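Input: a single structure, listed below in structure tokens.
Because the structure is predicted, anything quoted here is derived from the model rather than measured.
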Amino acid sequence: MRDGGIHSPLCGLAGDAERGRAIVAGRQGNCLACHAAPIPEQAFQGDIGPPLHGVAGRLSEAELRLQVVDATQLNEHTLMPPFHRVAGLTAVRPDRIGQPLLSAAEVEDVLAYLLTLKQDQAHE
């Protein structure tokens with residue numbers, strides 16, 4: 001995984017950008033708590049993480065997939081949670097131990113959405 005990204009889809013299937021947008025915008029992914037994205041119907045968006053506007057122009061598909069799966073592989077000091085890693089986590093609710101925040105298919109859905117963000121749609 002440390003070769004710049006994860007090059008193959010986690011579930012062997014292409015993700016769905018519409019489902020991915022819903023995950024990014026909703027409570028499941030909770031991405032907008034830290035990131036701003038071109039999702040104008042969501043008034044309150046974060047500024048802790050980098051904006052998602054144009055992210056597909058800055059990072060490759062493999063880099064984006066790794067960022068979602070486990071951003072600590074790219075930056076050990078990141079505040080971004082690992083959305084698909086379960087090993088080595090310590091602050092996990094007992095009923096969620098061994099379960100990733102996002103399934104492999106959901107990671108690919110988020111990735112499909114992020115890959116649509118090729119240009120800087122600055123705060124549309």
Side-chain angles (χ1 to χ4, degrees):
M1 275 186 0
R2 291 199 77 120
D3 65 348
I6 301 172
H7 297 278
S8 299
L10 301 183
C11 55
L13 301 171
D16 178 272
E18 189 173 318
R19 286 192 309 255
R21 185 182 191 278
I23 292 168
V24 168
R27 300 247 326 134
Q28 183 179 12
N30 204 26
C31 303
L32 300 182
C34 295
H35 299 277
I39 304 177
E41 68 273 16
Q42 296 292 331
F44 301 103
Q45 298 189 17
D47 60 4
I48 295 169
L52 299 180
H53 305 80
V55 70
R58 296 188 303 272
L59 298 173
S60 72
E61 179 177 339
E63 291 168 324
L64 283 169
R65 186 176 288 111
L66 178 56
Q67 190 74 37
V68 174
V69 167
D70 184 7
T72 65
Q73 294 294 313
L74 300 168
N75 174 2
E76 66 182 88
H77 302 292
T78 187
L79 297 176
M80 186 167 166
F83 282 93
H84 195 68
R85 175 174 61 95
V86 294
L89 301 178
T90 57
V92 180
R93 283 188 351 213
D95 63 320
R96 295 291 303 173
I97 292 173
Q99 299 177 42
L101 293 171
L102 296 177
S103 70
E106 291 164 339
V107 168
E108 294 303 323
D109 290 342
V110 169
L111 181 67
Y113 170 66
L114 295 176
L115 289 172
T116 69
L117 305 179
K118 294 182 179 171
Q119 297 178 357
D120 186 6
Q121 308 95 340
H123 307 97
E124 290 179 352

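- Smallest separation of non-hydrogen atoms from L101 and P81: CD1-CB, 4.1 Å.
- When atom types are taken as modelled, the side chain of E63 and the backbone of S60 share a donor-acceptor pair closer than 3.5 angstrom.
- Taken to the nearest 0.5 Å, the CG atom of L32 stands 4.5 Å off from the CD atom of Q45.
- Considering CZ of R85 and CG of L66, their distance stands at 11.0 Å, rounded to 0.5 Å.
- In terms of heavy atoms, A105 sits closest to C11 at CA-SG, 3.8 Å.
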Check your understanding: Do L74 and T78 pass the side chain to side chain contact (heavy atoms under 4.5 Å, CB included) test, and can you show the C-alpha distance, the side-chain angles, and the key distance before you say yes or no?
Key -> CA-CA 8 Å; L74 300 168; T78 187; over 6 Å; no

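- When atom types are taken as modelled, the side chain of H35 and the backbone of P51 share no donor-acceptor pair closer than 3.5 angstrom.
- Closest approach of A112 to T116, counting heavy atoms only: O-CG2, 3.3 Å.
- The existence of a salt bridge linking R65 and E108 is confirmed by a sub-4.0 Å separation between a basic side-chain nitrogen and an acidic carboxylate oxygen.
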Exercise for review: Evaluate side chain to side chain contact (heavy atoms under 4.5 Å, CB included) for H53 paired with L117, printing each intermediate quantity in order.
Suggested key: CA-CA 6 Å; H53 305 80; L117 305 179; over 6 Å; no

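- Remark: Q99 CD is packed, more than 12 non-hydrogen atoms of other residues, nucleotides or ligands lying under 6.0 Å away.
- Ion pair E41/R21 flagged as a salt bridge, since at least one NZ, NE, NH1 or NH2 atom sits closer than 4.0 Å to an Asp/Glu carboxylate oxygen.
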Exercise for review: Could you walk me through whether H84 and L10 pass side chain to side chain contact (heavy atoms under 4.5 Å, CB included), step by step?
Suggested key: CA-CA 10 Å; H84 195 68; L10 301 183; 3.8 Å; yes

Exercise for review: Starting from the C-alpha separation in whole Å, work towards a yes-or-no answer on side chain to side chain contact (heavy atoms under 4.5 Å, CB included) for F83 and N30.
Suggested key: CA-CA 11 Å; F83 282 93; N30 204 26; over 6 Å; no

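- Residues satisfying the salt bridge (Lys or Arg N to Asp or Glu O under 4.0 Å) criterion with R93, sequence neighbours excluded, are D95.
- Remark: the E106 side chain and the Q28 side chain contain an N/O donor-acceptor pair separated by less than 3.5 Å.
- At a threshold of 4.5 Å between non-hydrogen side-chain atoms, the residues L79 and C34 do not count as touching.
- Hydrophobic clustering (ILVMFWY, side-chain heavy atoms < 4.5 Å, transitive): L89 and I97 are in one cluster.
- Note that the CD atom of Q42 and the CD1 atom of I39 stand 7.0 Å from one another [nearest 0.5 Å].
- Among V68, I23, L64, the single residue meeting the side chain to side chain contact (heavy atoms under 4.5 Å, CB included) criterion with V107 is V68.
- Under the 3.5 Å distance criterion, the side-chain polar atoms of T72 are left unmatched by any main-chain donor or acceptor of N75.
- Of the possible polar contacts, none joining the D109 side chain to the R19 backbone as a donor-acceptor pair under 3.5 Å is found.
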